[in-house]
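Working notes, structure below.
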Amino acid sequence: MTRRDDRLHTQRHTLPIAEVSARMRVRIIGTIVALTYRGAGRHPRLVAVLSDGTGRLNLVFMGRRTIGGFTPGRNLVASGTVMHGSDGLQMMNPAYQLLPDKVIT
C-alpha cells in the first residue's frame, strides 16, 4: 500500500467534527492542538484537544498522565461515542491510531 493509498484508506468512513453530536458513535481524523493533564492523586486524566479544521473535540483518557506519541501537531484517528462534557463535546477513552506525518492534506 502506498502512502497515498494509506491516506485515502484512513480518511474513508470518517466524519467531520462539525457534524458530530452527543450519543453518536463516530470515527474522526484530526490533529492534536493541545494536551492538558487534569486531576491529581487517584483520578488523573489526560485531555487531548483534536481539531480537523471544522471543529474541536476533547479526547479524555481516564487514569492516564501521558500517552506515547501524543504531542501537539500529531495526527490521529479516534473512534468512540461522543458525549457532552464540561468543556463541550468529548470522547472518553477512545480507541485511537497514531498516523505518520503528512497523512492529512
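Leu76 and Val82 fall within the same hydrophobic cluster, defined by Ile, Leu, Val, Met, Phe, Trp and Tyr side-chain heavy atoms under 4.5 Å apart, directly or through other members. Hydrophobic clustering (side-chain heavy atoms under 4.5 Å, transitive across Ile, Leu, Val, Met, Phe, Trp, Tyr) groups Leu98 together with Ile67.
Between Pro72 and Leu35, the shortest heavy-atom distance links the atoms CD-CD1, 3.9 Å. Contact record, Pro94 with Ala78: CB-CB, 4.5 Å, taken as the closest heavy-atom pair. Nearest heavy-atom pair across Arg65 and Tyr37 is NE-OH, 3.1 Å.
Looking at Leu50, Thr81, Ile28 one by one, the single match for side-chain contact (heavy atoms from CB on, under 4.5 Å) with Met91 turns out to be Ile28.
Atom CZ of Arg74 has more than 12 heavy atoms from other residues, nucleotides or ligands within 6.0 Å.
Remark: Asn93 CG to Leu59 CG distance equals 10.0 Å, nearest 0.5 Å. Here the straight-line distance linking atom CD1 of Ile17 with atom CG of Leu57 works out to 5.5 Å at 0.5 Å rounding. Asn75 contributes atom CG, which lies 11.5 Å from atom CD of Gln97 (distance to the nearest 0.5 angstrom). The distance from atom CZ of Arg25 to atom CG of Leu15, rounded to the nearest 0.5 Å, is 13.0 Å.
If you chain together ILVMFWY residues whose side-chain heavy atoms come under 4.5 Å of each other, Val47 ends up grouped with Val60, Met62, Met83, Met92.
Among residue pairs with one or both ends in residues 50-72, those qualifying as ring pair (Phe, Tyr, Trp, His ring centres under 6.0 Å) are Phe61-Phe70, Phe61-Tyr96, Phe70-Tyr96; sequence neighbours excluded.
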(message) Show, in sequence, the C-alpha distance, side-chain angles and deciding distance for Leu99 and Ile29, and conclude whether the side chain to side chain contact (heavy atoms under 4.5 Å, CB included) test is met.
(response) CA-CA 9 Å; Leu99 300 175; Ile29 184 171; 3.6 Å; yes
(message) I'd like to know whether His84 forms a side chain to side chain contact (heavy atoms under 4.5 Å, CB included) with Leu89, so could you lay out the CA-CA distance, the side-chain angles of the two residues, the decisive distance to 0.1 Å, and finally the verdict.
(response) CA-CA 5 Å; His84 289 289; Leu89 293 177; 3.8 Å; yes
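Checked against salt bridge (Lys or Arg N to Asp or Glu O under 4.0 Å), Arg38 has the following partners two or more places apart in sequence or in another chain: Asp87.
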